[in-house]
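These notes are about the structure you will find just below.
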Amino acid sequence: MTSPRPFARTARRLAFPLFTSGVLMAMAAVGNGCGGQVDPAPLAVPIEPPGIRPRPRDGGVTRPVDARAPVTRLPLPPQTTATEVDLGTAPNGSTVTLEVPSNALGFNVVVTGEGEDEVGIEQIVSPTGETVLRNHVVVGGTFETSLGTGIAAASVPQNEASSAMPIKAGPWSITVSSATARPVKVVARIQISGDGVFHGGAANMHVYIPAGLEIEDPDTEHVVTAASAPTDASIEARLGSFFDALEATTGILRGDVTFHDVSAGLVKISTEGALATGFAVSKGVVPDGEQSIHVLLTNDLDFGEGTWGIASGIPGAATRTGTHASGVALAVTANTFADMDGLALLHEVGHFVGLNHTTEFVGGFVDPLAETPNCAGILDIDRPQTLDRCPDKDNLMFPTLWATAIRVTASQKRVYQGSPTYKAFVGVLPEPGPQDAGITDADAGAADAMVPDAAGFARTVPAIGEGSSHELAVRFTRSGRALTGAERFVMGGLCGSTNGRGGLGVASMRSHLGATVAHAELVRMANDPDLLGVIRMRARKMLARDGR
């Protein structure tokens, strides 16, 4: 295969589904991203089962997850506002210049065209003349990620180019593409801190809840709405898992979370048109340009043989609302542990900020980060256990959830930290004292502002770029037992990008085990209360395709 285009769903560049999908395994982008790690000395950060979860960012207070009070936190330090730059309109093949300041952490550029026009970002060149994206492919990567229908995006950093990590100040050249004579609109958003060094940040989130959405864990199954969500234990368990993992792996903390009701038609999504609508639910709800993450919850992403989550791009259109490149979707299914949904969401948001799968199931396609290992000859469908030998099997961006722990590398953290989807802190926090007099939150936009302790807030952000990794525990069964070979086969295929293309689907399972045994195993898995709900869901969908 010469291109990963078969993965594409909605707007040409929707990210691949993770698990599913492959959310932890693959949740990436609808334009291709189903929605990786070197670690000399990983720091274990277990994701605890629902129950009591300490939240140091909330002042160290240990709070029951099932408490019915809205989550509160101490005030955060002053934050910057990412710089928005309107670069005007540009015809096919033309180049615009983005002036990147010395306090930048990264930037996201978005091009929009008319209707179904295919548009893209063809090339990005740094002030030193280094090309970081060429022919719509991030240098070091293996397939197009900055080409789409009506809208496309690219970010810096997405690879380890010397002018991208850390990002070089000065004029960056951006060449755009359009398949028609009509020009495209070009807008960039530059993530900044006070001094160009990452000192932490906070991610705001908008969560969209279709009418009739059902959810469980730790509560029993029930319907949730935007009004009930702030005090809903099952919602909080998932968001708590996501934000705990985000903080542990990137140093980005929990910001404000806002809930919105949306149409009941999004409770189940089974067409690309519906998925595009789901990614655009922020239209008219959240002002365009706001720095936040947009998450649509649904009960069923009915693609292939079961999808866990999907992102709208690799990267998506950061800070752009109301487009089919504006968010991520996560399916919350019965019997799926809340903490695992949170990790799946982290994988999909990883795609949205610009992270590829470390290795694709389609041979030869890998991510553009040299630091992340890849797996040559990743998949032998007759022996899926050969994934055990993959050096990247425990990475957050591996295309399927396979290992019992996941990790992220320093370079992957840098990609997260360069995205303008969150609000970066201005700078380090000196000891409060007379020298702090007169410094207020209004100084947050100043390039050289150093801010005092905010209402007792103090935290040390882990050093980045020293090869350190963070490890997050995952679990597939309620009992804690390991998955059987057949169960791992089903779990491994959660990445929708494998479905129908010779991957870990029902046809290959029947070929491997025999039709009778495969059918019996799928029936057992579909009804085994010990298994992670998404495995049971996928077994049911595989049975539906079995034809027996």
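Counting begins at 1 with the first residue of the sequence. The structure presented is a predicted model; accordingly, all values stated were derived computationally and were not measured.
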Can you find a heavy atom in the side chain of [X] that is under 4.5 Å from one in the side chain of [Y]?
X: D86; Y: E84; result: no
X: Q158; Y: I124; result: no
X: M205; Y: L239; result: yes
X: L275; Y: H324; result: no
X: V109; Y: L98; result: no
X: T307; Y: I269; result: no
X: V138; Y: N356; result: no
X: I167; Y: W172; result: yes

So, [X] side chain and [Y] main chain: donor-acceptor pair closer than 3.5 Å or not?
X: Q191; Y: G106; value: no
X: T80; Y: A424; value: yes
X: N204; Y: S292; value: no
X: E360; Y: F365; value: no
X: E130; Y: A161; value: no
X: E122; Y: G93; value: no
X: S102; Y: A169; value: no
X: R538; Y: M491; value: no
X: R182; Y: G113; value: no
X: T298; Y: L266; value: yes

[atom1]/[X] to [atom2]/[Y] distance, rounded to the nearest 0.5 angstrom?
X: R189; Y: T421; atom1: CZ; atom2: OG1; result: 11.0 Å
X: F107; Y: I174; atom1: CZ; atom2: CD1; result: 5.0 Å
X: I121; Y: E144; atom1: CD1; atom2: CD; result: 12.5 Å
X: F476; Y: R488; atom1: CZ; atom2: CZ; result: 7.0 Å
X: I293; Y: F243; atom1: CD1; atom2: CZ; result: 6.0 Å
X: Q79; Y: H199; atom1: CD; atom2: NE2; result: 14.0 Å

Distance-minimising heavy-atom pair for [X] and [Y]:
X: M165; Y: P157; value: CG-CB, 3.9 Å
X: V96; Y: A90; value: CG1-CB, 4.0 Å
X: G327; Y: S312; value: O-OG, 2.7 Å
X: V197; Y: L105; value: C-CD2, 3.8 Å
X: A318; Y: S419; value: CB-OG, 4.4 Å
X: L301; Y: G309; value: CD1-CA, 3.8 Å

Between [X] and [Y], do the side chains contain an N or O donor and an N or O acceptor separated by less than 3.5 Å?
X: T249; Y: K413; result: no
X: S177; Y: H136; result: yes
X: D367; Y: T358; result: no
X: S126; Y: T128; result: yes

Practice prompt. Among R320, H260, H206, find the one that has a side-chain contact (heavy atoms from CB on, under 4.5 Å) with H294.
Written response: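 Answer after filtering R320, H260, H206: H206.
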Discussion item. Can you confirm whether E290 is buried at CD, in the sense that more than 12 heavy atoms of other residues, nucleotides or ligands lie under 6.0 Å from that atom?
Written reply: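 Yes, CD of E290 has more than 12 neighbouring heavy atoms, counting only those of other groups under 6.0 Å.
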Worksheet item: Given the rule in the side chain to side chain contact (heavy atoms under 4.5 Å, CB included) test, do V176 and V119 qualify, once you have shown the distances and angles that lead to the verdict?
Response: CA-CA 8 Å; V176 303; V119 299; over 6 Å; no
Item to complete: Just do the side chain to side chain contact (heavy atoms under 4.5 Å, CB included) check on Q291 and T81 with the steps written out, would you?
Response: CA-CA 8 Å; Q291 289 176 258; T81 297; 4.0 Å; yes
Practice prompt. Mind running side chain to side chain contact (heavy atoms under 4.5 Å, CB included) on V349 and Y416 for me, showing each step along the way?
Written response: CA-CA 9 Å; V349 173; Y416 259 96; 4.1 Å; yes
Worksheet item: When you look at S241 and D341, which way does the side chain to side chain contact (heavy atoms under 4.5 Å, CB included) test go after all the steps?
Response: CA-CA 8 Å; S241 172; D341 273 342; over 6 Å; no
Practice prompt. Take S155 and N108, measure what side-chain hydrogen bond (donor to acceptor under 3.5 Å, both in side chains) needs, and give me the verdict at the end.
Written response: CA-CA 4 Å; S155 287; N108 176 265; 2.9 Å; yes
